[in-house]
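The figures that follow rest on heavy atoms only: side chains count, while hydrogens, waters and symmetry mates do not.
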Amino acid sequence: MEVALKVDVDTHQGLAEGLPRLRRVLERERVTASFYVAMGPDNSGRAILRVFRNRGFLKKMFRTNAVSMYGLRTILSGTILPARPIALAFPNLLRELKAAGFEVAVHGYDHVLWQDHIDSLGERGIRAELNDAFEAYRSIMAESPRAFAAPGWRTNAVALRALDEMGLNYRSDTRGRAPFRCMVDGRVLTTPEIPSTLPTLDEVMGRADLRDNAALLRFYLDQFKADQLNVHTIHAETEGMGQLENFAALVGALKERGARFVRMDAVASGLNPAELPVCPVVRTEVPGRAGWVAAQGS
Ligand SMILES: [Zn+2]
């Protein structure tokens, strides 16, 4: 069983606190992972305000105890308190992460802006977000980024084409079944897409049938498939904070089952683009998540 852990880092606090904790667990377990870091300002307070406006989300906020999960400073970031930088606030953490053998790549610039407004940003806005993100990455890592993971699994034709021009080794923007090439407006893009194949913990932890940690662990072990690549997205803000023990238990259980942990860039370098299926990128909804996500079409 092949497992790629895709760690999304969305916030200042997630990078400051969640990322080092995850790194310690991964190193203790001798397991590798790929990290995708939001390069710009932390406007997560705006996202949390936005979800408060969504019907039914208030219930989820209480159920998942969002204040203790995100912390008050994060909830207010970009609202009544100024937005703090994310990657640029901790360049050494990211350089050390890479030096320790983990993959570090780009998870957009302004995560909240991208996730909430991708379709109204227009070509200029999208290119500005990508340029700012890649510039920030270069200033921190002293090399060009080789991969991109879309904030909130949201993308569109403009973003897919703009990223394709950048000559990355791969993208991970969607939910899906297995690596593929994207068909956009009748054209097949060059950059392979490696989709996330499992639901995220925050999507399932409020479920009535998964109330305790043992049930959650059983649920995830059932999701991993023995005969294919499993791409599991985790969050510095979730698995790296309140859910660290659940994450460590999952890693331990996967190791017992003989899982082989791989970096996403290693997966990408083993792909032969000519052999990958060609699929459109569609929009879908997943249980436990508000709004749409981009997904691998049939
Ligand atoms: Zn994210």
Starting from Val286, can I reach Leu216 by hopping between I/L/V/M/F/W/Y residues whose side chains sit under 4.5 Å apart? no

So, Arg161 and Glu123, do they make that salt bridge, N to O below 4.0 Å? no

Looking at Asp42 and Arg84, would you say the former's side chain and the latter's main chain have a donor-acceptor pair under 3.5 Å? no

To the nearest 0.5 Å, tell me how far His232 NE2 sits from Leu201 CG. 7.0 Å

Nearest atoms (heavy-atom pairs only) where Gly101 meets Arg263: O-NH1, 2.8 Å

Any sub-3.5 Å donor-acceptor pair from Gln296's side-chain atoms to Ala178's backbone N or O? yes

Quiz question: by atom type and distance under 3.5 Å, do the side chains of Thr155 and Arg171 form a donor-acceptor pair? no

Step by step, would you call Asp173 with Leu163 a side-chain contact (heavy atoms from CB on, under 4.5 Å)? CA-CA 11 Å; Asp173 291 347; Leu163 280 160; 3.9 Å; yes

Check: Val251 main-chain N/O paired with Glu29 side-chain donor or acceptor under 3.5 Å: no

Straight-line distance of Leu130 CG to Ile126 CD1, nearest 0.5 Å: 7.5 Å

Asn169-Asp265 side chain donor-acceptor pair, cut-off 3.5 Å: no

Side-chain touch Tyr36/Pro151, heavy atoms, less than 4.5 angstrom: no

Could you walk me through whether Glu129 and Leu113 pass the side-chain contact (heavy atoms from CB on, under 4.5 Å) test, one step at a time? CA-CA 9 Å; Glu129 285 293 300; Leu113 180 72; 3.3 Å; yes

Can you confirm whether the side chains of Gln243 and Thr238 place a donor and an acceptor under 3.5 Å from each other? no

Does a side-chain heavy-atom distance below 4.5 Å link Arg175 with Ser196? yes

Side-chain ion pair, Glu143 and Lys98, N-O less than 4.0 Å: yes

Would Ser44 and Glu237 count as a side-chain contact (heavy atoms from CB on, under 4.5 Å) if you check the C-alpha gap in whole Å, the side-chain angles of each, and the deciding distance to 0.1 Å? CA-CA 11 Å; Ser44 45; Glu237 293 76 21; over 6 Å; no

From CD (Glu17) to CZ (Arg21), nearest 0.5 Å: 5.5 Å

Glu193 versus Ser172, side-chain donor and acceptor atoms under 3.5 Å: no

Whether Glu203 side chain and Thr200 backbone form a donor-acceptor pair below 3.5 Å: yes

In terms of hydrophobic clusters joined by side-chain contacts under 4.5 Å, are Met264 and Phe180 together? no

Treating Ile, Leu, Val, Met, Phe, Trp and Tyr as nodes and any side-chain heavy-atom pair under 4.5 angstrom as an edge, say whether Val188 and Val158 lie in one connected cluster. no

Lys/Arg-Asp/Glu bridge criterion (N-O < 4.0 Å) met for Arg138, Glu135: yes

Asp8 vs Lys6, salt bridge (charged side-chain N to carboxylate O under 4.0 Å, His left out): CA-CA, chis, key distance, verdict: CA-CA 6 Å; Asp8 287 357; Lys6 169 179 178 278; 3.0 Å; yes

Would you say that Val37 contacts Val106 through its side chain, given a criterion of any heavy-atom pair below 4.5 Å between the two side chains? no

Closest heavy-atom contact between Phe90 and Ala16? CZ-CB, 3.4 Å

Ring center gap for Trp114 and Phe148 short of 6.0 angstrom: yes

Does atom CZ of Arg95 have more than 12 heavy-atom neighbours, drawn from other residues, nucleotides or ligands, at distances under 6.0 Å? yes

Side-chain touch Leu221/Leu250, heavy atoms, less than 4.5 angstrom: yes

Just by distance, do the side chain of Arg257 and the backbone of Ala253 share a donor-acceptor pair under 3.5 Å? yes

Does any N or O in the side chain of Asp164 come within less than 3.5 Å of the main-chain N or O of Thr191, such that one atom is a donor and the other an acceptor? yes

Got Val293 and Thr284 here, is their nearest side-chain heavy-atom distance under 4.5 Å? yes

Report yes or no: does Asp227 contribute a side-chain atom to a donor-acceptor pair with the main-chain N or O of Lys225 at less than 3.5 Å? no

Heavy atoms of Ala236 and Leu22 approach each other most closely as CA-CD1, 3.9 Å

Hey, could you give me the CZ/CG distance between Phe261 and Asn230, rounded to the nearest 0.5 Å? 10.0 Å

Would Arg289 and Trp153 satisfy side-chain contact (heavy atoms from CB on, under 4.5 Å), going step by step from the backbone distance to the final call? CA-CA 11 Å; Arg289 181 165 298 281; Trp153 300 273; 3.5 Å; yes

Arg283/Asp119 salt bridge by N-O under 4.0 Å criterion: yes

Single-linkage hydrophobic cluster Met1~Val267, side-chain heavy atoms < 4.5 angstrom: no

Is a donor on one side and an acceptor on the other found under 3.5 Å between the side chain of Arg154 and the backbone of Gln115? yes

How long is the gap from CD1 on Ile86 to CG on Asp110, to the nearest 0.5 Å? 8.0 Å

Test item: Asp132 side-chain N/O and Tyr109 main-chain N/O as donor-acceptor pair under 3.5 Å: no

Let me confirm one number: the CD-CG distance from Glu165 to Leu189, rounded to the nearest 0.5 Å. 10.0 Å

Could you walk me through whether Asp209 and Arg207 pass salt bridge (charged side-chain N to carboxylate O under 4.0 Å, His left out), step by step? CA-CA 5 Å; Asp209 56 331; Arg207 271 171 52 167; 2.7 Å; yes

Report yes if the side chains of Val31 and Val3 come closer than 4.5 Å at any heavy-atom pair, otherwise no. no

Of all heavy-atom pairs between Ala147 and Glu103, which one has the smallest distance, and what is that distance? CB-OE2, 4.1 Å

Shared ILVMFWY cluster between Leu168 and Leu276, side chains joined below 4.5 angstrom? no

Close side-chain approach of Phe224 and Thr197, heavy atoms under 4.5 Å: no

Can you check whether Asp10's main-chain N or O pairs, donor with acceptor, with His111's side chain at less than 3.5 Å? no

Should Ile194 and Val231 count as side-chain neighbours, where that means a heavy-atom distance under 4.5 Å? yes

Hey, do the aromatic rings of Phe35 and His107 have their centres closer than 6.0 Å? no

